[in-house]
Amino acid sequence: TSHIPGASLFMQPVQDLRIGGRGSSAQFHYTLQGDDARDLFEWAPKVFQKLRSLPQIVDVNTDLQNKGLEANLVIDHAAASRLGITTQAIDNTLYSAFGQRFVSTLYTPLNQYHVVLGVDPQFWQNPEGLRSIYVRGANGMVPLAAFSHFERRYTALSVNHQGQLPSVTFSYNLPPGKALGDAVTAIEKAMDDIRLPGTIRGTNMGTAQAFKASLANQPLLIAAALLAVYIVLGVLYESLIHPLTILSTLPSAGVGALLALLAFGTELSVIAFIGIILLIGIVKKNAILMIDFAIEAERRDQLTPEQSIFQACLLRFRPIIMTTLAAMLG
């Protein structure tokens, strides 16, 4: 559909669990909130054009709908006063013509019917129908066009809100080979370049917001997990050194996993992250197997630490290879 002028096609897979609970034409969201809807509607198109120019995101769209047509009736009060027409008379006439004024009720033996006053439907179709409206003045009926005119302008079809403030949400997808972190960083830099007024604030929403929140807590969670593992292993071996020996095998495993992802051009997705966790678990289990045997050989056979760990490597090689291959084949 790219060759059709003015048409945009957005395709999105249906998800049972949508982070953020927001439906849109793309997967990720960035929301502007403003104290004044007029300022928000003025700056939202500028932000939209800026986001469309970023190479880190594609399929940029917005829920801003401010291109609805509106006819605003402008009254010349000085001319109306000369003709003996009050503002109340103008309001009453317009309400009788277009406001569905309730004027009476017809009663029958079986039912009752409301009588509603209004002009013929042909005068509803466009603002030109206002030229056929007459208002009672001091000297008789006066056409509405004699002391007023109407102006066409754009207006908002709907005003979305985030919480209690009016908002405009921009949705976007990621191009192949681009990470969500790069997109979030590029959007934040673009917002700094635009220099939004103080009454307008931009925030990541939905999946992008969850991603940013997870990055903020990730180092703390990793440190807490390593501390928990260290305490458990320290209690198991009654030592402060052996847990560090086991944990020292984990960095090389993580680096090897990342190098493997780079070698095969695979993204660090949720499935890949689960695979890394599985790999770290296997490597830690392998280290525990060898440390267990080495400690036992050092205590029972009076071997040196170098001799005991060497014997552990020789004897534990086969079960380590078996479990590793079983995990890979599984």
Side-chain angles (χ1 to χ4, degrees), residues 1 4-10 23-25 32-49 61-162 164-170 199-200:
T1 62
I4 302 176
S8 300
L9 174 66
F10 299 93
S24 68
S25 59
L32 290 182
Q33 290 180 278
D35 301 330
D36 190 342
R38 290 176 296 181
D39 292 342
L40 182 65
F41 293 159
E42 178 185 352
W43 282 88
K46 301 177 183 178
V47 175
F48 179 62
Q49 295 300 326
N61 196 19
T62 177
D63 64 356
L64 177 63
Q65 298 183 11
N66 63 339
K67 296 299 182 181
L69 291 178
E70 179 183 66
N72 186 41
L73 184 64
V74 180
I75 299 174
D76 186 348
H77 291 281
S81 178
R82 288 194 302 268
L83 296 171
I85 299 174
T86 64
T87 304
Q88 185 64 42
I90 299 173
D91 289 342
N92 290 335
T93 302
L94 292 176
Y95 183 61
S96 298
F98 304 105
Q100 297 184 347
R101 182 189 295 275
F102 172 73
V103 294
S104 179
T105 303
L106 297 179
Y107 296 96
T108 66
L110 298 179
N111 209 338
Q112 62 182 20
Y113 301 92
H114 297 297
V115 179
V116 178
L117 183 63
V119 298
D120 192 271
Q122 64 175 330
F123 297 104
W124 301 348
Q125 304 306 314
N126 57 72
E128 296 295 333
L130 294 173
R131 301 183 186 277
S132 302
I133 302 297
Y134 285 75
V135 182
R136 184 178 298 277
N139 299 317
M141 304 301 292
V142 179
L144 185 64
F147 55 87
S148 67
H149 67 278
F150 60 87
E151 298 175 348
R152 297 178 186 270
R153 63 186 181 185
Y154 291 119
T155 186
L157 296 178
S158 63
V159 180
N160 297 308
H161 287 74
Q162 180 74 30
Q164 295 182 345
L165 297 177
S167 67
V168 175
T169 297
F170 306 95
T199 58
I200 300 177

What's the separation between atom [atom1] in [X] and atom [atom2] in [Y], rounded to the nearest 0.5 Å?
X      : Y      : atom1 : atom2 : value
Phe41  : Lys67  : CZ    : NZ    : 11.5 Å
Gln125 : Gln122 : CD    : CD    : 8.5 Å
Leu165 : Asn160 : CG    : CG    : 13.0 Å
Asp76  : Leu83  : CG    : CG    : 9.5 Å
Glu42  : Asn66  : CD    : CG    : 11.5 Å
Leu144 : Phe150 : CG    : CZ    : 10.0 Å

Checking side chain to side chain contact (heavy atoms under 4.5 Å, CB included) for the pair Phe147/Ile90: CA distance, chi angles, key distance, verdict? CA-CA 11 Å; Phe147 55 87; Ile90 299 173; 3.5 Å; yes
State whether the number of non-hydrogen atoms from other residues, nucleotides or ligands found under 6.0 Å of Gln100 atom CD is greater than 12.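 For Gln100, atom CD is not crowded (no more than 12 foreign heavy atoms under 6.0 Å).
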Please check if atom CG in Asn126 has more than 12 non-hydrogen atoms from other residues, nucleotides or ligands closer than 6.0 Å.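 Yes, enclosed.
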Which atom of [X] lies closest to which atom of [Y], heavy atoms considered:
X      : Y      : value
Gln112 : Tyr107 : OE1-CE2, 3.1 Å
Arg101 : Ser96  : NE-OG, 2.9 Å
Trp124 : Ala97  : NE1-O, 4.4 Å
Gly68  : Leu157 : CA-CD2, 3.6 Å
Ser167 : His161 : OG-C, 3.3 Å
Arg136 : Ile85  : O-CG1, 4.1 Å

Check the orientation of Phe102 and His114. Use parallel for under 30°, tilted for 30 to 60°, and perpendicular for over 60°. perpendicular
Given side chain to side chain contact (heavy atoms under 4.5 Å, CB included), test Val135 with Leu94 step by step and report yes or no. CA-CA 9 Å; Val135 182; Leu94 292 176; over 6 Å; no
Donor-acceptor under 3.5 Å (Gln33 side chain, Gln162 main chain): yes
Is there a side-chain contact between Tyr113 and Thr105 (heavy atoms, below 4.5 Å)? no
Phe170 and Leu32, any side-chain heavy atoms less than 4.5 Å apart: yes
Could you walk me through whether Val168 and Leu40 satisfy the side chain to side chain contact (heavy atoms under 4.5 Å, CB included) test, starting with their C-alpha distance in whole Å, then the side-chain angles of each, then the deciding distance to 0.1 Å, before giving a yes or no? CA-CA 8 Å; Val168 175; Leu40 182 65; 3.9 Å; yes
Side chain to side chain contact (heavy atoms under 4.5 Å, CB included) between Val119 and Ile133, intermediate numbers included: CA-CA 9 Å; Val119 298; Ile133 302 297; 4.1 Å; yes
